[in-house]
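In what follows, every chain begins at residue 1, and chains take the letters A, B, ... in the order their sequences are listed.
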Amino acid sequence: MYRNQRTVIESAASLLCRKANEDMNYWLMKTEPAVFGIADLKARRDQTEHWDGVRNYEARNLMRDRMRPGDQAFLYHSSCAEPGIAGIVSISRAAYPDFTAWDPTSDHYDARSTPERPLWYMVDVRFEREFPRVISLKELKSEPRLQGMRVLRRGNRLSITEVVPEEWHLILGLLD
DNA sequence: GCCAACGTTGGC
DNA sequence: GCCAACGTTGGC
């Protein structure tokens with residue numbers, strides 16, 4: 001009961017915050033569903049998880065300098081049978097040091113990063129919505145008004161990219 | 001600072 | 001499994 005009430009209150013607060021925030025940004029975040037997909041996030045306690053393992057400076061800078069709580073992001077499934085956008089997550093915590101970089105047993109260990117001088121950062125994301133179907137990469141590529149999207153560029157490898165509001169709403173419209 | 005070699009990403 | 005494209009590393 002307490003959990004439900006808190007969730008409702010937080011959702012309302014998040015909405016209010018979003019409406020008041022002119023600088024809200026939209027994002028696209030890539031993940032391999034075999035490792036951690038939208039279904040995994042949905043199943044997490046509080047449907048929230050930290051987004052660890054980003055080891056690219058440009059993506060780190062976007063998280064650290066531009067992402068704000070209340071921002072929304074498409075969750076993109078890559079390296080799978082049907083690459084595409086599987087749903088929406090929200091940013092629930094601003095960037096903080098990625099502690100997996102300090103763990104020698106982690107796949108993402110990086111000896112250059114320390115608690116005193118963190119090199120890598122992560123945010124927390126919360127499940128918002130799973131689409132009734134994946135909006136495939138093929139479908140995104142076939143839409144002329146989306147050709148500017150960085151994720152569609154040939155050879156793109158950046159795991160976090162910005163989505164402009166026009167693209168965001170157009171993509172949501174593809175579901176109808 | 002240049003740039004070749006390397007490891008990784010990710011669609012196909 | 002293939003391979004193009006990319007970011008990073010390290011020799012010079």
Side-chain angles (χ1 to χ4, degrees), chain A residues 25-44 49-67 71-91 94-164 166-168 170-175:
Chain A
N25 288 310
Y26 295 108
W27 307 96
L28 182 145
M29 302 171 84
K30 282 198 272 192
T31 187
E32 296 183 27
V35 179
F36 186 87
I38 190 120
D40 299 297
L41 181 60
K42 193 176 181 179
R44 282 289 192 276
E49 188 57 280
H50 51 271
W51 201 257
D52 63 274
V54 172
R55 298 292 180 269
N56 168 283
Y57 290 104
E58 190 172 355
R60 177 202 68 178
N61 293 348
L62 287 175
M63 282 197 297
R64 191 190 57 188
D65 305 335
R66 304 276 318 285
M67 273 189 176
D71 282 1
Q72 289 193 284
F74 286 133
L75 202 72
Y76 179 93
H77 284 175
S78 67
S79 295
C80 56
E82 193 184 25
I85 299 170
I88 294 175
V89 303
S90 60
I91 307 305
Y96 59 105
D98 182 342
F99 49 75
T100 66
W102 310 330
D103 175 7
T105 68
S106 168
D107 288 343
H108 306 301
Y109 176 64
D110 186 341
R112 297 172 300 171
S113 184
T114 65
E116 294 73 29
R117 289 192 61 179
L119 180 60
W120 303 114
Y121 286 79
M122 59 188 175
V123 296
D124 285 354
V125 297
R126 176 184 294 164
F127 172 86
E128 291 291 340
R129 178 178 176 196
E130 181 173 8
F131 292 157
R133 63 178 182 87
V134 170
I135 304 175
S136 71
L137 175 62
K138 190 179 172 188
E139 186 172 359
L140 296 172
K141 280 181 171 171
S142 73
E143 171 51 62
R145 287 168 294 177
L146 295 178
Q147 295 318 297
M149 289 187 75
R150 183 149 181 194
V151 74
L152 300 185
R153 273 195 223 161
R154 182 178 169 80
N156 167 71
R157 289 170 52 175
L158 195 60
S159 66
I160 296 177
T161 51
E162 190 165 8
V163 175
V164 300
E166 292 76 14
E167 294 163 344
W168 180 271
L170 195 153
I171 290 168
L172 285 179
L174 296 175
L175 287 169

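Taking only side-chain nitrogens and oxygens, Lys30(A) never comes nearer than 4.0 Å to OP1 or OP2 of dT9(B). The phosphate of dT9(B) (OP1 or OP2) has no side-chain N or O of Tyr76(A) nearer than 4.0 angstrom.
The residue Arg112(A) sits close only to the backbone: its heavy atoms come under 4.0 Å of sugar-phosphate atoms, none of a base. Note on Leu137(A): only backbone sugar-phosphate atoms sit closer than 4.0 angstrom, heavy atoms only; bases stay farther off. Across all strands, Lys141(A) comes closer than 4.0 Å only to sugar-phosphate atoms, never to a base (heavy-atom distances).
Look at CZ on Arg55(A): it is 20 Å from P on dG7(B), rounded to the nearest Å. In this structure, CZ of Arg154(A) is placed 13 Å from P of dG11(B), rounded to the nearest angstrom. Per the geometry, CG belonging to Leu119(A) stands 13 Å off C1' belonging to dT8(C), to the nearest Å. Between the CG atom of Asn56(A) and the C1' atom of dA5(C) there is a distance of 14 Å, rounded to whole Å. The distance from atom CE of Met29(A) to atom P of dG10(B) is 13 Å, rounded to the nearest whole Å. Remark: C1' of dT8(B) and CG of Asn156(A) are 14 Å apart, rounded to the nearest angstrom. At whole-Å resolution of the value, CG in Asp107(A) and P in dT8(B) are 11 Å apart. Remark: P of dG11(B) and NZ of Lys138(A) are 15 Å apart, rounded to the nearest angstrom.
The closest donor-acceptor contact from the side chain of Gln147(A) to the backbone of Lys141(A) lies under 3.5 Å.
Here Asp71(A) does not pair with Arg66(A) in a salt bridge; the nearest charged N to carboxylate O distance is not below 4.0 Å.
A donor-acceptor contact under 3.5 angstrom links the side chains of Trp102(A) and Ser113(A), judged on distance only.
Between Ile38(A) and Phe127(A), some side-chain heavy-atom pair lies under the 4.5 Å cut-off.
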